[in-house]
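I have placed the structure first, in the form of structure tokens, so that the comments after it can refer back to it.
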Amino acid sequence: MVVFSLVAVVVGGLAFANLTDAQNRATEQLDPAASQALRLQAALLDQETGVRGYALSAQQDFLAPYTQGLATQQNAVRLLQKLVGTNPTLTADLDAVLHQVDIWRTTYAQPTIAQVQRNQSPLVSPEVDQGKADFDNIRQVLTALLTDVSHARQQATNGLRHATTLLVVVAIAIAIVLVLIVAVLAIVLWGGVLRPVNELTAQVRRVADGEFEHPVAHSGPREVRELGVDVNRMRARILHELSALQTAHSELDASTRDLQRSNAELEQFAYVASHDLQEPLRKVASFCQLLQRRYGGELDERADQYIGFAVDGAKRMQVLINDLLAFSRVGRLVRERQPESCTDLLAQAERNLGESIESTGAIVEHGELPTVLAEAPLLTTVFQNLLSNAIKFHGEQAPHVTIDAVRQGEEWRFDVTDDGIGIKPDYAERIFVIFQRLHGKEAYPGTGIGLAMCRKIVEYHGGRIWLDTSVQNGSRFCFTLPALAQDPVGATPVPTVSSNAIEDSDA
Ligand code: ADP
């Protein structure tokens, strides 16, 4: 394309220069030369007429055309010499004319004028006729000049026509070759670049759509082939990563299944064990109590003490097994969840704890609590366990417990705050593990199941529970529950409502 452009510019330029040249020759050189030759002819004729008239009349007026013709001749000759200077034929013709004019002037015109002026009388006709005959030589060479100028003019016009035709032909040839080159380039580009790129694109798209097994065939120019090789390398890497991922996934699946199975087995075991242990335990407890009642005081003091230990142990074990049974029941028996008012559930929990609230003189306060989707008995248990702990682990004074709820995005966050003995932040996680207790049973009674149960229930309802370790005096347990879909966002807690559970339950 570049070579062709260069050739086209050179050839077109040459043809155009040729045309300009021919045009200049015709219009700037030979056209003016023809008119100057005619002007020269007219000037010479004027001179001849002037001399002849003066010779025949001897009147000075008749010499005017001669004088004017001479001036015009000199001007025309000067211009002609300039115009035909490069043309040897026309220069020779002009020289011949000037030579003949010179002869006529020196042999006839000037002597004749001088003679008439000297004699102040006209010449006789034969002498005048001689001058006329001498002028015929001028006519001959002048005619030759005119003919040659006209011939040269014709040639220049022909040259102009040829140059125009040549320029048109060159332009058409350039256009045709250009079209051919573009067509060839398009074919080469399509076959050599676009087709391989299109094929590669189609194959890469298949890979991108997930057919990682499909190898990408690569052909065409080097760049396209390299791209194909790179795509294949990428494909191989993805395949490798995928298989690694699949292996990890199936291993994870297997472990999850194992975990679920062992979890289910454990829960099953806890449930069956606690359920099946109840009956023999009840028997042991009641017979121990019977023994105590019937033979109390009949045996020695140590035997009474032993029987007391056995009764106490059996009772505690009953409590423990009951709690364990309740714990393993969470989520086992799925009941339909209903929108439940947390205010009502808390009131129920307070009623259940009426005795301990009364004995400790606890004050329980709560803000406005929302309605959430829940299994009522389970959520009541959460409130009850947290409230029971807050009352149980009280400090010097009567316990003071507050329960609040705030909306946080799509969920409600509940805070149960007390002013009791508090919990060290180090134990924030441990206290939620089943059977984990921070105090001996003599100091604070309990089984260590309460908080584990709370966590299980809250998570079963789609929430989280944690200890707020930033609290300095007392402790605060926080838990979240999903808000109802129709609940407006940004509900603000209302002033705390103070309630005394005893009065509530009495009422
Ligand atoms: P339990 O109350 O039967 O001991 P929990 O699982 O309810 O078992 O609680 C685990 C431990 O967490 C308790 O033994 C106690 O040490 C600690 N704890 C729970 N709640 C409170 C609280 N409100 N204040 C201080 N300590 C608490």
Side-chain angles (χ1 to χ4, degrees), residues 266-267 270 274 312-313 315-331 345-346 348-350 352-357 359-366 377-405 413-461 463-480 496 501:
L266 268 177
E267 284 193 359
S274 48
D312 183 50
K315 276 182 181 166
R316 277 203 303 118
M317 198 156 173
Q318 264 180 329
V319 174
L320 211 74
I321 282 175
N322 275 338
D323 283 359
L324 198 60
L325 200 60
F327 179 81
S328 58
R329 269 193 190 126
V330 175
L345 302 185
L346 179 64
Q348 179 61 45
E350 288 180 40
N352 296 348
L353 295 170
E355 206 175 302
S356 66
I357 291 175
S359 62
T360 54
I363 298 171
V364 181
E365 293 178 327
H366 67 86
L378 293 182
L379 200 52
T380 307
T381 306
V382 172
F383 282 120
Q384 188 171 323
N385 285 358
L386 292 176
L387 205 54
S388 146
N389 280 349
I391 293 166
K392 182 164 56 174
F393 298 101
H394 66 85
E396 307 275 291
Q397 303 121 344
H400 183 188
V401 192
T402 52
I403 299 113
D404 293 304
R413 195 191 82 205
F414 295 80
D415 293 343
V416 181
T417 313
D418 66 55
D419 58 351
I421 59 170
I423 304 167
K424 282 188 186 159
D426 293 350
Y427 302 124
E429 269 304 309
R430 199 175 128 186
I431 50 174
F432 288 100
V433 177
I434 193 166
F435 298 135
Q436 287 294 330
R437 309 195 67 238
L438 303 181
H439 306 94
K441 66 176 173 15
E442 291 76 23
Y444 296 99
T447 54
I449 290 178
L451 287 180
M453 180 100 152
C454 286
R455 169 171 275 182
K456 202 172 177 190
I457 295 173
V458 168
E459 288 178 356
Y460 172 65
H461 280 84
R464 291 163 288 125
I465 184 166
W466 67 97
L467 174 76
D468 183 351
T469 49
S470 67
V471 173
Q472 300 292 334
N473 297 318
S475 53
R476 177 182 294 145
F477 284 87
C478 309
F479 67 93
T480 61
T496 304

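Start at 1 and go down the list; that is how both ligands and their atoms are numbered. Note that these values count all heavy atoms, side chains included, but never hydrogens, waters or copies made by symmetry.
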Can you run down the side-chain hydrogen bond (donor to acceptor under 3.5 Å, both in side chains) pairs that involve residues 380-391, sequence neighbours left out, and say none if there aren't any?
->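 Counting only pairs at least two positions apart or across chains, the side-chain hydrogen bond (donor to acceptor under 3.5 Å, both in side chains) contacts touching residues 380-391 are Asn352-Gln384.
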Ligand 1: which residues have a non-hydrogen atom closer than 4.0 Å?
->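 Lining ligand 1: Asn389, Ala390, Lys392, Phe393, Asp418, Ile421, Gly422, Ile423, Ile431, Gln436, Arg437, Leu438, His439, Gly446, Thr447, Gly448, Ile449, Gly450, Leu451, Ser475, Phe477.
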Is the count of non-hydrogen atoms from other residues, nucleotides or ligands lying under 6.0 Å from Asn473 atom CG greater than 12?
->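 Counting neighbours around CG of Asn473, 12 or fewer heavy atoms of other residues, nucleotides or ligands fall under 6.0 Å, so no.
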Any side-chain heavy-atom pair from Ile403 and Leu387 closer than 4.5 angstrom?
->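 Ile403 vs Leu387: side chains touch.
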Report yes if some heavy atom in the side chain of Val382 is under 4.5 Å from a heavy atom in the side chain of Phe414; otherwise report no.
->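 No, too far: nothing below the 4.5 Å cut-off.
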Those residues that, when tested against Asp415, pass salt bridge (charged side-chain N to carboxylate O under 4.0 Å, His left out) (two or more places apart) |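 Testing Asp415 for salt bridge (charged side-chain N to carboxylate O under 4.0 Å, His left out), a comparison that skips the adjacent residues, returns Arg413.
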Taking salt bridge (charged side-chain N to carboxylate O under 4.0 Å, His left out) as the test, write out the residues that go with Arg430, two or more places apart.
->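 If we apply the salt bridge (charged side-chain N to carboxylate O under 4.0 Å, His left out) test to Arg430, skipping adjacent residues, there are no hits.
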